[in-house]
Amino acid sequence: MAAKLIKGAEISKQIREEIAKEVQELKDKQGITPGLATILVGEDPGSKVYVGQKEKACSKLGIYSERIDIPADTSEADLLDLVKKFNHDPKIHGILVQLPLPKHIDASRVIYAIEPDKDVDCFHPVNVGKLMIGTGRFFPCTPNGIMEILKRSDIPTEGKHVVVVGRSNIVGKPIANMMLQPPPGGNATVTLCHTGTKDLAAFTRMADILIVAVGKPKAITADMVKEGVVVIDVGVNRIGKTAEGKAILTGDVDFGSVQEKAAAITPVPGGVGPMTITMLMKNTVEAARGLAVGSKQ
Ligand code: NAP
């Protein structure tokens, strides 16, 4: 039987409606307009699209946004100055520096420079550490989107065996962490796989919930999953272009064959993807709310 399709795009739309109401409430009751600054260094076409989508989302939800595009040869010192300026700007509650950065700039130094209370991507070591010990206020956007997708699809994680494939700092490690936290965390038993894992299929076959973030099309095939598994495909791989020049996207999971065995699965596109920017908006509102309830800023 074909799997239930988990429609991230619809869930994302629903959450955005909730965020728009929260934004209005913050404006009406506290006189605060949440503000997001995005900094784009260079001309990477993919990054330009992402930054544009973030700006558009802000404008639709009533969030103030400031976008700074600077040339690829901007010095690290100038970028750090810009970050510091936004750290002290009361109109700005969230700062996002679009990655990847040009090679001459040390991305960690830039991330470390962002005031943790404004780190809406949740990449700063302070926020990563808080996530790890279960005291985080911000959650990284894509992993938080996955948690929300499961929650709103009535798929419990408690007591489940969650297998994560991929150990990036952006997806694999944080989602594994969020899944193993006690409630309101996932409270799941977690296995984290990577290229050093011997016999990957032996682990993926044990998964009740399989989360795949490797960046390789068809990395997971039907013989690697058990009947009734829930599959979250985070991968976004560009495998060509349509006649109109639009990118053709596919995930990391062989959707056609895996959906025959799975109980539920996220499609690509339209699964996890739309959740990421939505959760960024949520973090920006959360950052602004932090000010409202008297954070140190
Ligand atoms: P990444 O930094 O490239 O990390 C990939 C991870 O997968 C690494 O830990 C790597 O292991 C592991 N891996 C690669 N091939 C593997 C294999 N055959 N078996 C087991 N593990 C393997 O990737 P990422 O940033 O997490 O992104 C992963 C995918 O998700 C990409 O397609 C990306 O575009 C997509 N993504 C989507 C969203 C969204 O909003 N939907 C957000 C972020 C990323 P090693 O550590 O051992 O090298």
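Ligands are counted one by one from 1 in listed order, and the atoms in each one are counted from 1 as well.
- Within a 6.0 Å sphere centred on CE of Met132, heavy atoms belonging to other residues, nucleotides or ligands number 12 at most.
- Grouped by direct or indirect side-chain proximity (heavy atoms under 4.5 Å, Ile/Leu/Val/Met/Phe/Trp/Tyr only), Tyr50 sits alone.
- Residues passing the side-chain hydrogen bond (donor to acceptor under 3.5 Å, both in side chains) test with Ser59, sequence neighbours excluded: none.
- The number of heavy-atom neighbours closer than 6.0 Å to NZ of Lys60, taken from other residues, nucleotides and ligands shown, is 12 or below.
- Both Met279 and Val234 sit in one connected hydrophobic cluster of ILVMFWY residues. Membership requires side-chain heavy atoms under 4.5 Å apart, directly or through other members.
- Protein residues having a heavy atom under 4.0 Å from any atom of ligand 1 are Thr142, Val165, Gly166, Arg167, Ser168, Val171, His194, Thr195, Leu200, Ala213, Val214, Gly215, Lys216, Val234, Gly235, Val236, Asn237, Val272, Gly273, Thr276, listed by chain and number.
- Listed by first and then second residue, the salt bridge (charged side-chain N to carboxylate O under 4.0 Å, His left out) pairs involving residues 10-19 are Glu18-Arg152 (not counting sequence neighbours).
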